[in-house]
Amino acid sequence: MEDYQAAFMERHIDTQTLYPVRKVGAMHFGGVTVECLLKAMICHTLPGVTHNLITHSYAELLKKHNKLKSRVDNNSEVRKWLDQVENPMGQHFIDMRYSSLEPDEQNYKRWLYAYTSIKSWLQKQSNTL
């Protein structure tokens, strides 16, 4: 069985470790970090949904948790952060593993702000779901 909470913590360390030398890697693992956090939240608050979480799509994951999806849908800033982390540089974070293009510092900082913000926001939500 997957341990999404432990994976979230490990991928977050990977994300922090990769910057500033490997920005694309950091963005890829940052997307995975948020994916693992979403899956951990779903498994923790909705027992029985532990299977069938094979998607990398944040929207698909949120469909499994109506309360969390509603909170995201009602907050435009959160939706923006999720989109920036899921689709950095105009491509899905999973596909970034094939990219050879490094973002410039301004684009990376914009992504890093979104990553830090959504991670923090989701962790706060997990305490009230």
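Just so it is clear, the values below take in all heavy atoms, side chains as well, and ignore hydrogens, waters and symmetry mates. Computed from a predicted structure; not experimentally measured.
Counting all heavy atoms, side chain and backbone alike, Glu86 lies closest to Ser57 at OE2-CA, 3.4 Å. Closest approach of Pro103 to Val24, counting heavy atoms only: CD-CG2, 3.8 Å. In terms of heavy atoms, Lys39 sits closest to Ile54 at NZ-C, 4.3 Å. Pairing each heavy atom of Asp14 with each of Arg11, the nearest pair is OD2-NE, 2.6 Å. For the pair Cys36 and Tyr4, the tightest heavy-atom approach, listed with the atom from each and the gap, is O-CB, 3.6 Å. Across all non-hydrogen atoms, the minimal contact from Leu61 to Ile42 is O-CD1, 3.3 Å.
Linking Ile, Leu, Val, Met, Phe, Trp and Tyr residues whenever their side-chain heavy atoms come within less than 4.5 Å places Leu129 and Val72 in a single cluster. Under the 4.5 Å side-chain contact rule for hydrophobic residues, Leu18 and Val34 do not share a cluster. Hydrophobic clustering places Tyr115 together with Ile94 (ILVMFWY residues linked when any side-chain heavy atoms are closer than 4.5 Å, directly or through intermediates).
Residues Glu2 and Leu53 have side chains not in contact (no heavy-atom distance under 4.5 Å, counting atoms from C-beta outward). Contact check for Lys124 versus Ser120: side-chain heavy atoms found under the 4.5 Å cut-off. For the pair Phe93/Asn87, no side-chain contact is recorded, criterion being any heavy-atom separation below 4.5 Å from C-beta on. By the 4.5 Å heavy-atom criterion applied to side chains, Glu10 and Phe29 are not counted as neighbours. Contact check for Ser70 versus Asn74: side-chain heavy atoms found under the 4.5 Å cut-off.
Other residues, nucleotides and ligands contribute more than 12 heavy atoms inside 6.0 Å of the CZ atom of Arg110.
The aromatic rings of Trp111 and Tyr108 sit tilted, their planes meeting at an angle between 30° and 60°.
Atom CG of Leu112 and atom CD of Gln84 lie 11.0 Å apart (nearest 0.5 Å). Atom NZ of residue Lys63 and atom CG of residue Leu68 lie 14.5 Å apart, to the nearest 0.5 angstrom. Considering CH2 of Trp121 and CD of Glu77, their distance stands at 11.5 Å, rounded to 0.5 Å. To the nearest 0.5 Å, atoms CD1 (Ile118) and CZ (Arg79) are separated by 11.0 Å. Interatomic distance, CG of Leu101 versus CG of Asn107, reported as 11.5 Å (0.5 Å rounding). Atom NZ of residue Lys119 and atom CG of residue Leu37 lie 8.5 Å apart, to the nearest 0.5 angstrom.
For the side-chain contact (heavy atoms from CB on, under 4.5 Å) test with Arg71, the passing option among Leu122, Leu62, Thr128, Asn66 is Thr128; the others fail.
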message: Please evaluate residues His92 and Tyr58 with respect to the criterion side chain to side chain donor-acceptor pair (under 3.5 Å), reporting the C-alpha separation (whole Å), side-chain torsions for both, the decisive distance (0.1 Å), and the verdict.
response: CA-CA 11 Å; His92 195 271; Tyr58 296 169; over 6 Å; no
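In this structure, Glu102 contributes its side chain and Lys23 its backbone to a donor-acceptor pair below 3.5 Å.
Between the side chains of Ser126 and His44, no donor N or O sits under 3.5 Å from an acceptor N or O. Tyr98 and His28 share no side-chain donor-acceptor pair at under 3.5 Å.
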